[in-house]
Participant: 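Could you have a look at this structure, given as structure tokens, before my questions?
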Protein chains: 2
Amino acid sequence: MSKIVVIEDDRYLREELVKTFSEKGYSATSISSFNATESDILAAEPDLVVLDLNLPGKSGFEICKWLKARASFPILILTARDTLGDELTALGLGADDFLTKPCHPNRLLARVERLLQNYGKVRNLIQAGDLILDLDTYKLIWGDYHIVLPETEGKMMQLLFENSPRVVSKKALASFIWGGEEFVDENILQVNMVRLRKNLAALGLDNLIQTERGQGYRLEAGNES
Amino acid sequence: MSKIVVIEDDRYLREELVKTFSEKGYSATSISSFNATESDILAAEPDLVVLDLNLPGKSGFEICKWLKARASFPILILTARDTLGDELTALGLGADDFLTKPCHPNRLLARVERLLQNYGKVRNLIQAGDLILDLDTYKLIWGDYHIVLPETEGKMMQLLFENSPRVVSKKALASFIWGGEEFVDENILQVNMVRLRKNLAALGLDNLIQTERGQGYRLEAGNES
DNA sequence: ATTTCAACTTACAATCCTTGTAAGGCTGGC
DNA sequence: GCCAGCCTTACAAGGATTGTAAGTTGAAAT
């Protein structure tokens, strides 16, 4: 059965949620320490995340955005703050649904069920800014346009997505694409970078990938908050 | 701007909704006669549909299912019947969101905005039963599994999807795939059918496409209501 | 201004995937 | 058993993708 991870700092509600999901047959867990929240979530390999916005330390918005850039599970925001602004922000960052507390368990379950069914792990989609990348086919979506990249270029895109907007070294790219330990030829990487950039330009994305001389490449994702 | 079509039999609410959307800059229209609802909607080429469940004649559920099999725009159900069962049914049929009347305009707008942004026309997805087909890449999704079909097989799938569960003649398939008027070779169609079936079997979908001797092929989509 | 090294660019050939052709085998209904 | 309709397999042409080779360009430092 699907695995759900609950991110909620109120202990009572957290356990209530886990119980609700468990009773419905889901494998539900939660995170109780919020030091390395994001990586803890990734490590748990969830099929869906229920995320509170008010957490000690980092904001739920940040976590949502971070996760969406490197994983494809749906994120359901569950918050006490009933602001339309919050809802718009969350949905803009890629959140898949937005419910306010208190929330009837059946309503929550219905939404979770739908997300798992419709937008679940099957669609390997990751997101950076206003770009979406399908990891199965390397279809890149931007606004009304899309393009299907060949595998090598798609993998480059993937690693750049996952680290956006940080710099990715050529070494990291090469080992991600070809898996090899040592880094024999650096020319082939550049060739593929040219090809990728050409494909992106055809889409209208001209300066998406920037070169950091001596360090590597960086993807500056588009308009977001 | 995106085009929204409102399907609602209550005249007052219908005009209210159209006005709400228009003021936000959408191109909103509605349908006032419900004789050929489904084809009217398709003919309007919407980017999103707001659909009431209680309509004179056919049920909203039927319309939702029919549309999802041959178009890729998101469908938002807006209904007065606040039953959890309805919500589950609608979402199971592929509806993308579910709101109950009365509904604050801002809430509705926020949801519409999200659907257009996240799951809009960009992703060319059509649905038949529990299967999903991406028309850009011909990625076929079934539960936890997926496969990427080559173009020819993907097109076969598409036409079978759009007519499911009715029979599609070989002639129709051939002219859909190759466009030609006359139907020269029928062997190539069978070859591709074998390949498609082999690919489906690898996914676990063994008897998905049935042969109707002398008539054509038929796609019997999986478990649904 | 010159040097130097990283980054960029283009052309070409090997490889793999997809497609159509060909030829024969199977099957259900009469 | 016969025939039309359907299925199956093997093969070759064509195209897309990938890596190789061999340069040219450009920016920082002297």
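Lettering follows sequence order; numbering is per chain, from 1.
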Participant: Any donor and acceptor pair, going by atom type alone, linking the side chain of B:Asp96 with main-chain N or O of B:Ile75 inside 3.5 Å?
Facilitator: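 It does hold such a pair.
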Participant: Whole-Å distance between C:dA6 P and A:Glu186 CD?
Facilitator: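 Atom CD in A:Glu186 sits about 7 Å away from atom P in C:dA6.
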Participant: In whole angstroms, how far is the C1' atom of D:dT17 from the CG atom of A:Asn199?
Facilitator: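 From A:Asn199 CG to D:dT17 C1': 11 Å.
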Participant: Rounded to the nearest Å, what distance is computed from the CD atom of residue A:Glu151 to the P atom of nucleotide D:dT18?
Facilitator: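 Atom CD in A:Glu151 sits about 6 Å away from atom P in D:dT18.
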Participant: Compare the minimum distances between each of D:dT8, C:dT19, D:dC6 and the side chain of B:Pro150, then state the nucleotide with the smallest one.
Facilitator: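 Of the candidates, C:dT19 comes closest.
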Participant: Is any N or O donor-acceptor pair between the side chain of B:Asn192 and the base of C:dT18 shorter than 3.5 Å?
Facilitator: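 Counting by modelled atom types and ignoring angles, no donor-acceptor contact under 3.5 Å is found here.
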Participant: Does a side-chain N or O from B:Tyr138 land closer than 4.0 Å to OP1 or OP2 of C:dT18, or not?
Facilitator: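 For B:Tyr138, the contact criterion (side-chain N or O under 4.0 Å from OP1 or OP2 of C:dT18) is not met.
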Participant: Can a donor-acceptor pair be found, under 3.5 Å and without considering hydrogens, that links the side chain of B:Lys170 to the backbone of B:Gln190?
Facilitator: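 No, the answer is negative, given that no donor and acceptor are paired below the 3.5 Å cut-off.
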Participant: Would you mind reading off the distance between A:Asn187 atom CG and C:dA7 atom P, rounded to a whole angstrom?
Facilitator: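 Interatomic distance, CG of A:Asn187 to P of C:dA7: 12 Å.
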Participant: Please determine, for the side chain of B:Val191, which listed nucleotide (C:dA7, C:dT21, D:dC7) has the closest atom?
Facilitator: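 Selected nucleotide (nearest to the side chain): C:dT21.
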Participant: What nucleotide among C:dG20, C:dC8, D:dC6 has an atom nearest to a side-chain atom of B:Ile188?
Facilitator: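 Of all the options, the side chain of B:Ile188 is nearest to C:dG20.
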Participant: So does B:Thr211 get a side-chain nitrogen or oxygen closer than 4.0 Å to the phosphate oxygens (OP1/OP2) of D:dC6?
Facilitator: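 Negative; the distance criterion is not met.
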Participant: Rounded to the nearest angstrom, tell me the gap between atom NZ in B:Lys155 and atom C1' in C:dT19.
Facilitator: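 About 12 Å, once rounded to whole Å.
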Participant: Take the protein atom CD of A:Gln190 and the nucleotide atom C1' of D:dT24, then report the distance between them rounded to whole Å.
Facilitator: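 Computing the A:Gln190:CD to D:dT24:C1' distance gives 12 Å.
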Participant: Under 4.0 Å: is that the gap between some side-chain N or O of B:Lys170 and OP1 or OP2 of D:dG5?
Facilitator: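 So the side-chain polar atoms of B:Lys170 never come under 4.0 Å of the phosphate oxygens OP1 or OP2 of D:dG5.
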Participant: Rounded to whole angstrom units, what separation is found between the CD atom of A:Glu153 and the P atom of D:dG19?
Facilitator: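 Between P of D:dG19 and CD of A:Glu153: 11 Å.
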Participant: Does this structure show an ion pair linking A:Glu87 with B:Arg114, if we count only N-O contacts that are shorter than 4.0 Å?
Facilitator: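 Looking at B:Arg114 together with A:Glu87, the answer is no, because their closest N to O distance does not fall below 4.0 Å.
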Participant: The side chain of B:Asp185 lies closest to which of these nucleotides: D:dT18, C:dT19, C:dT21?
Facilitator: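 The answer is C:dT21.
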Participant: Taking only the side-chain nitrogens and oxygens of A:Trp178, find out if one of them lies under 4.0 Å from OP1 or OP2 of D:dT18.
Facilitator: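 Answer is no, no contact under 4.0 Å.
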Participant: Only one of B:Thr37, B:Ile41, B:Ile126, B:Leu93 passes side chain to side chain contact (heavy atoms under 4.5 Å, CB included) with B:Leu67; say which it is.
Facilitator: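 Single pass found, and it is B:Ile41.
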Participant: Out of C:dT10, D:dA22, D:dC6, which nucleotide sits closest to the side chain of A:Lys198?
Facilitator: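 Nucleotide nearest to A:Lys198's side chain: C:dT10.
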Participant: Do B:Thr211 and B:Arg197 have a side chain donor and acceptor closer than 3.5 Å?
Facilitator: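 The answer is yes; a qualifying pair exists.
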Participant: Could you tell me the separation between the CD atom of B:Gln210 and the C1' atom of D:dC7, rounded to a whole number of Å?
Facilitator: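 Going from B:Gln210 (CD) to D:dC7 (C1'), I get 16 Å.
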Participant: Specify the residue among B:Arg213 and A:Arg195 whose closest nucleotide of DNA chain C lies further upstream toward the 5′ end.
Facilitator: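 Looking at the nearest nucleotide for each, A:Arg195 comes out on the 5' side.
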